[in-house]
Amino acid sequence: MPDNVTTHQAEDDQRNQNILIYVDGQLKARDQATVSVYDSGFMLGDGVWEGLRLYDGTWAFLDEHIDRLFEAAKAIDLDIGMDREGVISALIETQKANGMTTDVHARLMITRGVKVLPFQHPSLSRFGPTFVIIMEHSRPKLPRPIRLATVPHLRGLPMTQDPKLNSHSKLNCILACIAAEKAGADEALMLDINGFVNTTNACNFFIVRKGAVWTSTGDYCMNGITRQKVIDLCRANDIPVFERNFSLVDTYGADEAFLTGTFGAQTPVSEIDGRQIGSGDMGPMTQRLRDLYKGLIAAQIAR
């Protein structure tokens, strides 16, 4: 059984060695695409990002992703420096320059820019923002379902760092992932401040019990676009779905568990804290939702 599995595991693709990366309006070779050590994102994690996937020439749910990017920038008082059309134009320019058509993942990253001194105050970011687009050929390759371990790191209160914010500051999630790996799992299952099951360090989390799909209330997690699409698909197809508080006891007794995210769509979970979930393989509800999601993507491509 392969080790070191992650929810973002992809096939090796040598084309990615020659990609062009968008950096502040210029397309640069991978080994030349750099930012200053004084950049706010490098120095302090002061920035926001968004991940998108390209299917058969169509960026899935583009409007919703761009909405979320601009909402996050507004939340941290960051002027992106261009409008929605400008951001989409930069995305398409990067896609065309790389000759990409499908099975592509893009990461848009915007920071407050370059500082004049290496300190925290945002007024010291005088040159910017910095806008980077990394676009790679990326076909998910998961050799087995994901194993999770519950960790002590929590999804916290919005007055500390709102977990709904797609920020560059991901250290809490990284520490959670490290703790899970130390426990022999692939990634971390994180609880909220009340001890209810919330999300993983990288994806949103769902369980299936007696034909019903459960996920967290959404109060302490990134309210992911794929997460919402799964909820919507359940409602449109008469599948009972609940956004609710639930405990590890409920989770251990689940018939299925799966993760959602832009990269992996729906990723099956085989084990949590050493307990096998269901058969240990992808369950029938997870497969059904994966098929429905593929149909949703196909319908968008056909427009």
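Model, not experiment: these values are computed from the prediction.
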Mark yes or no for whether [X], through its side chain, and [Y], through its backbone, hold a donor-acceptor pair below 3.5 Å.
X: Arg15; Y: Asp13; result: no
X: Asn98; Y: Leu20; result: yes
X: Asp192; Y: Asn198; result: no
X: Thr215; Y: Phe205; result: yes
X: Lys115; Y: Phe119; result: yes
X: Thr58; Y: Leu54; result: no

Subject >> Pair Thr286-Glu256, side-chain donor/acceptor within less than 3.5 Å >> reply: yes
Original post:
Does a donor on one side chain and an acceptor on the other come within less than 3.5 Å for Thr7 and Thr267?
Top reply: no
Please report the interatomic distance [atom1]([X]) to [atom2]([Y]), rounded to the nearest 0.5 Å.
X: Leu44; Y: Thr111; atom1: CG; atom2: OG1; result: 10.5 Å
X: Ile76; Y: Asp162; atom1: CD1; atom2: CG; result: 12.5 Å
X: Ile272; Y: Tyr252; atom1: CD1; atom2: OH; result: 7.5 Å
X: Ser40; Y: His168; atom1: OG; atom2: NE2; result: 10.5 Å

Between [X] and [Y], is there a side-chain N and carboxylate O pair less than 4.0 Å apart?
X: Lys141; Y: Asp12; value: no
X: Lys229; Y: Glu64; value: yes
X: Glu271; Y: Arg144; value: no

Original post:
Yes or no on side chain to side chain donor-acceptor pair (under 3.5 Å) for Ser169 and Gln161, after CA distance, side-chain angles and deciding distance?
Top reply: CA-CA 9 Å; Ser169 305; Gln161 181 176 321; 4.5 Å; no
Subject >> Nearest atoms (heavy-atom pairs only) where Thr226 meets Thr260 >> reply: CG2-CB, 4.0 Å
Original post:
What are the two closest heavy atoms between Met190 and Asn201, and how far apart are they?
Top reply: SD-CA, 3.7 Å
Subject >> Worked verdict on Arg155 versus Asp219 for salt bridge (charged side-chain N to carboxylate O under 4.0 Å, His left out) >> reply: CA-CA 10 Å; Arg155 288 288 182 156; Asp219 292 339; over 6 Å; no
**OP:** Could you pull out all residues at least two apart from Phe263 that satisfy ring-ring contact (aromatic ring centres under 6.0 Å, His included)?
**Re:** His8, His105
Original post:
Among pairs that include at least one residue of residues 30-50, which meet salt bridge (charged side-chain N to carboxylate O under 4.0 Å, His left out), considering only residues two or more places apart or in two chains?
Top reply: Arg30-Glu136, Asp46-Arg112, Glu50-Arg68
Subject >> Other ILVMFWY residues reachable from Val208 by side-chain steps of under 4.5 Å >> reply: Tyr55, Phe61, Phe206, Val213, Ile225, Val230, Ile231, Leu233, Ile239, Val241, Phe258, Met285, Leu289, Leu292, Tyr293, Leu296, Ile297, Ile301
**OP:** Would you sort out whether Lys164 and Glu71 count as a salt bridge (charged side-chain N to carboxylate O under 4.0 Å, His left out), showing the intermediate values?
**Re:** CA-CA 11 Å; Lys164 293 184 176 66; Glu71 287 175 3; over 6 Å; no
